[in-house]
Amino acid sequence: MRYLLDRRYCLRGWQDRHFGVYDTRRKYTKFLSKARFLQLVYCDGAHDLDEDQLSDEEKKFIEESKFLGVIRPAGFAEFLSPDQEYKTYPAKFREQAHWSVTGACNLKCRHCFMSAPHAAHGVPTHEQIMDIADQLAECGIFSVGITGGEPLTRSDFLDIVDAMNERGIGIATIYTNGWLVDETLLDELDRRHVHPAFQLSFDGVGWHDFLRGVPGAEERTLQALKLLQQRKHPVSVSMCMHRKNRQVLRETVNLMASLGVGSMKCGSMLDLGEWAQPELQDLKLTNEEELEMFEAYIPQYFEDDAPLSIMLSGSFIYTPGQPEWGIFNVRECSAEDETVAPSCGVIRNNFYIGADGMVCPCMGMADCGYAKHFPNLFQTPLKDILGDSEFDRLCRTTVGQVRDGSGKCRECPYISRCSGGCRNGALIAGDNFCGVDPSVCWFFEHGGEARIRAAAQKPFEEYLRRHPPKQSEPREEVPKCI
């Protein structure tokens, strides 16, 4: 019997992960054992599978694959299309690139950590943008998040969308201030069959213009949120907290939920770029002030029936309907696991490309003192950066390396709870990639975990009595057989 891999799937491999099945619909790669992968390789319309010669386990795999539509019987003279055939990439596997297509912005945000009001990281030319697109495709990057500066200020923004489409790269999220989000933009995206999520910033009811530095920014952002809700784009929001807007957190969360926002991140600004200026330091919340604000708000959040998914810095995280809430700062790792556990799963699987071509593990690292150590893809090919390189070794830093990177970490009684904190926080504080993350240290040393649990648990239990957890809705996933 001859079988054919469904048109939805392609066979792919990378330097470190050889047996991948790429789902072109979900822009997702599932990795298999060599034996399972070879079974799919033979589903090319050309090979006969003698099922009598297969083991029971192999037969089960074929039957499951047929049932779930991964493979089907091949028709007469029907073969695997060339773009589905096995292809390898000259780099290590990465799920997604977070890409600043410009360092410029149309607003004048007081807190911009990359100084976009002054285009400190420059604006790449159209030719440079297309070169980056080619390099992404060459490395087998199938998903990007497009950011800036403000990405929609580029006159060739839709050319970038076209370039991604032509190379089979999905645009997962567009990060924007919302000023330039309008019907025309969304119509053009629809015409290209591109329906990304959007992440906007909204910095508090009545305070957005203050932080964004341009009158009318709040109104334009709210208009964009309403439009995105009407057009059914998934939307998330980030809110930068400071001393002037902390009193409107509850009002802001509820307003965002009413506008269809699905999730929201709230936290203090980074001590980089514009926010590092001395005249703005009086606006900065202390660690204690931020924690007290979250302690006061979490019961209100549950009183309001958890209107959206929320992340309050590293202190609290919850998705409505789930049976548990969490503390992001709490990332347990035993001494037995620390030699293999990643210090950060995000930077192991994703990376950031700056407007100037700099490649960083995380966007927040682009302006820290350590940034001088990061490579630039206009000088070093991306395939080399994502290969066996110092950059790759940084991204694969383990919890054990972080703990050994600081005498304080190794002696700390909370080390099994925090896994060393965030590498971004460590680099903002100093020049040691495996250094201490001061905000996470402070959180544990000042009883943050116990204080958040005391603030959240009883209101959460009352919320669950009103809204018992529901069985999660079925969602389309890569079939379990692969």
*Asks:* If you look at every heavy atom in S143 and Q96, which pair is closest and at what distance?
*Replies:*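 Smallest heavy-atom distance, with atoms named: OG-NE2, 2.8 Å.
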*Asks:* Output yes when K30 and D23 qualify as a salt bridge under the 4.0 Å nitrogen-oxygen rule, no when they do not.
*Replies:*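 No, K30 and D23 are not salt-bridged.
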*Asks:* Mind checking whether F202 and H208 have parallel, tilted or perpendicular rings, split at 30° and 60°?
*Replies:*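 Plane angle under 30°, so parallel.
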*Asks:* Give a yes or no on whether a salt bridge exists between R466 and D305, defined as a side-chain N under 4.0 angstrom from a carboxylate O.
*Replies:*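 D305 and R466: salt-bridged.
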*Asks:* What do you reckon, is NZ of K27 surrounded by more than 12 foreign heavy atoms closer than 6.0 Å?
*Replies:*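 For K27, atom NZ is crowded (more than 12 foreign heavy atoms under 6.0 Å).
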*Asks:* Under the 3.5 angstrom rule, does the side chain of D209 hit a backbone N or O of A217 as a donor-acceptor pair?
*Replies:*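 The answer is yes, because a donor-acceptor pair under 3.5 Å joins these two groups.
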*Asks:* Determine whether a donor-acceptor pair (N or O, by modelled atom type, separation under 3.5 Å) exists between the side chain of R451 and the backbone of E295.
*Replies:*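 Flag not set: sc R451 to bb E295 has no pair under 3.5 Å.
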*Asks:* Could you tell me whether the side chains of Q300 and D304 share a donor-acceptor contact shorter than 3.5 Å?
*Replies:*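 Not at all, the side chains of Q300 and D304 share no donor-acceptor pair under 3.5 Å.
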*Asks:* When rounded to the nearest 0.5 angstrom, what is the spacing between OG in S419 and CG in D437?
*Replies:*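 One finds 12.0 Å between OG of S419 and CG of D437.
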*Asks:* Distance only, no hydrogens: is a donor on one side chain within 3.5 Å (strictly under) of an acceptor on the other, for Q457 and W325?
*Replies:*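 A pair is found: one side chain offers a donor N or O, the other an acceptor, under 3.5 Å apart.
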*Asks:* Please verify the inter-ring angle class for Y22 with F142; under 30° counts as parallel, over 60° as perpendicular, anything in between as tilted.
*Replies:*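 Rings of Y22 and F142: parallel, under 30°.
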*Asks:* Could you check whether any side-chain N or O of H193 sits under 3.5 Å from a backbone N or O of N165, counting only pairs where one atom can act as donor and the other as acceptor?
*Replies:*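 Between the backbone of N165 and the side chain of H193 there is no qualifying donor-acceptor contact (under 3.5 Å).
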*Asks:* Is the H242 ring parallel, tilted or perpendicular to the F210 ring (thresholds 30°, 60°)?
*Replies:*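 It falls in the tilted class, 30° to 60°.
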*Asks:* Quick check: are there more than 12 heavy atoms from other residues, nucleotides or ligands sitting under 6.0 Å from CD of E324?
*Replies:*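 12 or below, so no.
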*Asks:* Under 3.5 Å, side chain of T397 to main-chain N/O of L394, donor-acceptor pair present?
*Replies:*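 Confirmed, T397 side chain pairs with L394 backbone.
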*Asks:* My understanding is that only one of T380, N376, L382 makes a side-chain contact (heavy atoms from CB on, under 4.5 Å) with F378; could you say which?
*Replies:*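 Between F378 and the candidates, side-chain contact (heavy atoms from CB on, under 4.5 Å) is satisfied uniquely by N376.
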*Asks:* Is the side chain of Q128 donor-acceptor paired with the backbone N or O of T125 at a distance under 3.5 Å, no angle test?
*Replies:*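 Yes, because the side chain of Q128 sits within donor-acceptor range (under 3.5 Å) of the backbone of T125.
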*Asks:* Can the ring centroids of Y297 and F316 be said to lie less than 6.0 angstrom from one another?
*Replies:*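 They do not qualify: ring centres at least 6.0 Å apart.
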*Asks:* Check whether the side chains of T147 and S100 place a donor and an acceptor atom closer than 3.5 Å, and report yes or no.
*Replies:*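 Short answer, no.
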*Asks:* Which pair of non-hydrogen atoms, one from V402 and one from S343, has the smallest distance, and what is that distance?
*Replies:*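 In this case the closest contact between V402 and S343 is CG2-CB, 3.7 Å.
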*Asks:* Dump the intermediate steps for side-chain contact (heavy atoms from CB on, under 4.5 Å) on L189 and I171, then the final yes or no.
*Replies:* CA-CA 11 Å; L189 292 176; I171 299 175; 5.9 Å; no
*Asks:* Decide yes or no on side-chain contact (heavy atoms from CB on, under 4.5 Å) for L386 and Y89, but give the supporting numbers first.
*Replies:* CA-CA 11 Å; L386 300 183; Y89 297 101; over 6 Å; no
*Asks:* Hey, what do you get for CD (Q230) to CG (L259), rounding to the nearest 0.5 Å?
*Replies:*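 So the CD of Q230 and the CG of L259 are separated by 10.5 Å.
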*Asks:* Keeping the roles fixed (side chain from D337, backbone from C333), state whether a donor-acceptor pair exists under 3.5 Å.
*Replies:*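 Not confirmed, D337 side chain does not pair with C333 backbone.
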*Asks:* Between K458 and E461, does any NZ, NE, NH1 or NH2 come within less than 4.0 Å of an OD or OE carboxylate oxygen?
*Replies:*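 Judged by the 4.0 Å cut-off on N to carboxylate O distance, E461 and K458 do not form a salt bridge.
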*Asks:* Can you name the closest pair of heavy atoms from G149 and P151 and give their distance?
*Replies:*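 Scanning both residues completely, I find the closest heavy atoms to be O-CD, 3.5 Å.
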*Asks:* Going by an N to O cut-off under 4.0 Å, is there a salt bridge joining D182 and R220?
*Replies:*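 No, no charged N to carboxylate O under 4.0 Å.
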*Asks:* Between the side chains of T102 and E150, is a donor N or O closer than 3.5 angstrom to an acceptor N or O?
*Replies:*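 Result is no, nothing qualifies.
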*Asks:* Hey, what's the ring geometry for Y370 with F433, parallel, tilted or perpendicular (30° and 60° as the breaks)?
*Replies:*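 Because their plane-to-plane angle lies in the 30° to 60° range, the rings of Y370 and F433 count as tilted.
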*Asks:* Going through the checks in order, is the salt bridge (Lys or Arg N to Asp or Glu O under 4.0 Å) test met by D16 and R396?
*Replies:* CA-CA 13 Å; D16 58 333; R396 295 174 187 272; 3.0 Å; yes
*Asks:* What distance separates R94 CZ from L136 CG, expressed to the nearest 0.5 Å?
*Replies:*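 Result: 12.5 Å between the selected atoms.
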*Asks:* Is it the case that N287 and H446 place a side-chain donor and acceptor less than 3.5 Å from each other?
*Replies:*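 H446 and N287 do not have a side-chain donor-acceptor pair below 3.5 Å.
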*Asks:* How far apart are the C-alpha atoms of D367 and H121, what are their side-chain angles, what is the distance that settles it, and do they pass the side chain to side chain donor-acceptor pair (under 3.5 Å) test?
*Replies:* CA-CA 9 Å; D367 273 296; H121 287 262; 3.0 Å; yes
*Asks:* How far apart are the C-alpha atoms of D156 and R154, what are their side-chain angles, what is the distance that settles it, and do they pass the salt bridge (Lys or Arg N to Asp or Glu O under 4.0 Å) test?
*Replies:* CA-CA 5 Å; D156 61 352; R154 288 196 67 106; 2.7 Å; yes
*Asks:* To the nearest 0.5 Å, what is the distance between CG on L255 and CG on L225?
*Replies:*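 Here the interatomic distance stands at 8.0 Å.
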*Asks:* So does R231 pair up with D187, basic N to acidic O under 4.0 Å?
*Replies:*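 The answer is yes: the pair qualifies as a salt bridge.
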*Asks:* Mind running salt bridge (Lys or Arg N to Asp or Glu O under 4.0 Å) on E449 and R453 for me, showing each step along the way?
*Replies:* CA-CA 6 Å; E449 181 178 0; R453 294 192 185 283; 3.1 Å; yes
*Asks:* Around E288, counting heavy atoms of other residues, nucleotides and ligands shown, do more than 12 lie under 6.0 Å from its CD?
*Replies:*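 More than 12 heavy atoms, drawn from other residues, nucleotides or ligands, come within 6.0 Å of this atom.
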*Asks:* Checking W14 against F93 for the ring-ring contact (aromatic ring centres under 6.0 Å, His included) test, could you report, in this order, the C-alpha distance in whole Å, the side-chain angles of both residues, the deciding distance, and whether it holds?
*Replies:* CA-CA 6 Å; W14 288 260; F93 175 75; 4.8 Å; yes
*Asks:* Quick check against the 3.5 Å criterion: does N254 have a side-chain atom that pairs as donor or acceptor with the backbone of P307?
*Replies:*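 Here the side-chain-to-backbone pair does not exist.
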*Asks:* Is the shortest heavy-atom distance from the side chain of Y301 to the side chain of L312 under 4.5 Å?
*Replies:*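 The answer is no; the side chains never approach within 4.5 Å.
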*Asks:* What's the shortest heavy-atom distance between L222 and M256, and which atoms?
*Replies:*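 So the two residues come closest at CD2-CE, 4.0 Å.
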*Asks:* Of all heavy-atom pairs between G204 and M239, which one has the smallest distance, and what is that distance?
*Replies:*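 Minimum heavy-atom separation between G204 and M239: CA-CE, 3.6 Å.
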*Asks:* Going through the checks in order, is the salt bridge (Lys or Arg N to Asp or Glu O under 4.0 Å) test met by K284 and E289?
*Replies:* CA-CA 9 Å; K284 182 182 177 181; E289 288 171 331; over 6 Å; no
*Asks:* Give, for atom CG of L107 and atom CG of N177, the distance between the pair rounded to the nearest 0.5 Å.
*Replies:*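 Rounded to the nearest 0.5 Å, the CG-CG separation comes out at 4.0 Å.
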*Asks:* Checking D203 side chain against C240 main chain: does a donor-acceptor pair fall under 3.5 Å?
*Replies:*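 Answer holds: yes.
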*Asks:* Do NZ/NE/NH1/NH2 and the carboxylate oxygens of R410 and E338 come within less than 4.0 Å?
*Replies:*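 Yes.
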*Asks:* Keeping the roles fixed (side chain from R423, backbone from C344), state whether a donor-acceptor pair exists under 3.5 Å.
*Replies:*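 Not a single qualifying donor-acceptor pair exists.
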*Asks:* Looking at A133 and M164, what are the two nearest heavy atoms and their distance?
*Replies:*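 Looking at all heavy atoms of both residues, the shortest contact is CB-CE, 3.5 Å.
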*Asks:* Once you round to the nearest 0.5 Å, how far does OG1 of T286 lie from CE of M293?
*Replies:*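 Here the interatomic distance stands at 10.0 Å.
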*Asks:* Using atom types as modelled and distance alone, determine if a side-chain donor or acceptor of E218 lies under 3.5 Å from a backbone N or O of G206.
*Replies:*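 Yes; at least one donor-acceptor contact below 3.5 Å.
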*Asks:* Do you know which of F294, F460, F328 makes ring-ring contact (aromatic ring centres under 6.0 Å, His included) with Y318?
*Replies:*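 Result: among F294, F460, F328, F460 is the only option passing the ring-ring contact (aromatic ring centres under 6.0 Å, His included) with Y318.
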*Asks:* Do K372 and D431 sit within salt-bridge range, that is, some charged N less than 4.0 Å from a carboxylate O?
*Replies:*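 Yes, charged N to carboxylate O under 4.0 Å.
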